[in-house]
Amino acid sequence: MSRTALLILADGRFPAGGHAHSGGMEAAVASGGVHDTASLEAFCRGRLHTAGLTAAGLAAAAATGYDALALDDAADTRTPAPALRRVARRLGRQMMRAARATWPCAGLDHLARHRPQGPHQPVVLGVAARAAGLTALDAAHAAVYESVGGPATAAVRLLSLDPFEATAVLARLADDLDAVAAAASDAAGRVAVEGVTVLPAASAPLLDITGEQHAAWAVRLFAS
Amino acid sequence: MHLDHPVTLPQRHTYSADPRHPDGSHRALRIGFGGPVGSGKTATVAALCRTLRDRLSIAVVTNDIYTQEDAAFLRREAVLPPERIAAVETGACPHTAIRDDISANLEAVEQLEQALEPLDLILIESGGDNLTATFSRGLVDHQVFVIDVAAGDDIPRKGGPGITTADLLVVNKTDLAPYVGVDLDAMAADSRRQRKDLPFVFTSLTAADGVRPVADWVTECLAARHPGATR
Ligand SMILES: Nc1nc2c(ncn2[C@@H]2O[C@H](COP(=O)(O)OP(=O)(O)OP(=O)(O)O)[C@@H](O)[C@H]2O)c(=O)[nH]1
Ligand SMILES: [Mg+2]
């Protein structure tokens, strides 16, 4: 594996559209649920163990070379909120564009051809990781990091939080991130034999509900 | 005219600002409009649509900072049918969406092209930003930077990438110059000094046909792209 490729893929500057999304943070800030560093940490921990774990399982499975179209269906099953499905597919299209320019490969072309409206973003992430020569565990790491990195950046913008403290929150979560990525990657290692049902399907009902509500706001800073 | 490479380069799979579609046909000319908040970007885009829509097939992409206000304004003013206006959300960073991560804007542009083919012209309005905000060449063919006299006559002198490198600098709201004590001659001299040979125009969109200098420049850009075409 190329450690540098992982840094490129996981970099918040990778031009795949993530900067316009808060991962539910904007709704959480508006409701008062996140208002300081401690509540940011609680939010990130919750998102990591739910949406983050599920995304990481899908990404890791895609990175093993497992049928990406079947994984895309599995992602739909694991994303009950219509608004969040739309977001996942839109971000998947944007990541597809960036990934095909960065690591062109037949796997990405195949997925793009069969999902012209956009595959779920974690599936594209996994196929891109494979194209970049990365492992399933690498793909899981990129997915879990993104699941908390995006909301933390959004919290800095929305609450004018101290950026050093927000970054320290991410560092304190590092062991959790590693553990979740390992669990996701373990499940992905069994998908070839046991099918997609072994992949994590943890969900955060409040993120689903507020995600749906946020999509209907007339005035908002972030797209999700 | 710029001659393209005879073979398709791998990065062309991204369909960025390549002058042709993958099938070889010409795609719409893409022009970006940037500049500080309230300088008249939306007003310029609206006036261009009214002036050019009878001759050209036009679409617009807006980049609002936290609302869909610009898109809503253009729809309300009915400068184009609603399906020709798309809004991109920029997550508190308008310059990121036009420069560092253009994926959402490219998506919007391509969806308009697919739905409305053939299009001649796509106007992309940036969210109001600072003097360093410029468009990526991967997104637009040309960029216009719109400032206004009411924000102070020292802006051209301050410079910055928007002022110095945009393909056209528009100094708007000249009708307000007497009320804000602005010396238009000094602004013109500063603009000339900052921009060397690059063009700049003064406009007042409250005047009848006030957008004419910009419309003429856009028409020239289109003509330069299709030499020999009658449009
Ligand atoms: N007097 C005068 N007012 C103008 C002129 N051009 C635009 N305006 C007014 O200036 C205000 C801002 O114009 P917009 O076109 O919305 O500015 P903008 O650059 O799109 O603003 P943002 O998108 O918010 O950054 C509006 O009230 C316009 O009617 C002009 O030439 N003269
Ligand atoms: Mg505007």
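Below, chains carry the letters A, B, ... as their sequence lines are ordered, and counting in each starts from 1.
Ring geometry for B:His142 against B:Trp217 counts as perpendicular: the plane angle is over 60°, on a 0 to 90° scale with 30° as the lower cut.
Within residues 30-39 of chain A, no residue has any heavy atom closer than 4.5 Å to a heavy atom of chain B. Residues of residues 59-94 of chain A lying under 4.5 angstrom from chain B, judged on non-hydrogen atoms, are A:Arg90, A:Arg93, A:Gln94 in numerical order.
Heavy-atom neighbours of A:Arg172 CZ from other residues, nucleotides or ligands within 6.0 Å: above the threshold of 12.
Using a 4.5 Å cut-off on side-chain heavy atoms (C-beta onward), A:Arg157 and B:Cys93 make contact.
For the pair B:Arg50 and B:Glu77, the salt-bridge criterion is met [side-chain N within less than 4.0 Å of a carboxylate O].
Tested against B:Ser39, the residues B:Val170, B:Thr44, B:Asp148 include a single side-chain contact (heavy atoms from CB on, under 4.5 Å) partner, B:Asp148.
A donor and an acceptor atom, one from each side chain of B:Thr62 and B:Asp70, are nowhere located under 3.5 Å apart. A donor atom on one side chain and an acceptor atom on the other are not found under 3.5 Å apart for B:Asn130 and B:His95. Residues B:Thr203 and B:Asn172 have side chains that bring a donor and an acceptor to within less than 3.5 angstrom of each other. Under 3.5 Å, the side chains of B:Thr134 and B:Gln143 contain no donor-acceptor pair of N or O atoms.
At a 4.5 Å heavy-atom cutoff, the contact between A:Arg220 and chain B is made by backbone and side-chain atoms alike. Residue A:Ala223 touches chain B through both its backbone and its side chain, counting heavy-atom pairs closer than 4.5 Å.
Judged by distance alone, the side chain of A:Glu26 and the main-chain N or O of A:Ser224 form no donor-acceptor pair under 3.5 Å.
Residues B:Gly40 and B:Leu205 approach most closely at O-CD1, 4.1 Å, considering heavy atoms.
Between chain A and the residues B:Ala97, B:Gly91, B:Ala72, the largest count of heavy-atom pairs under 4.5 Å involves B:Gly91.
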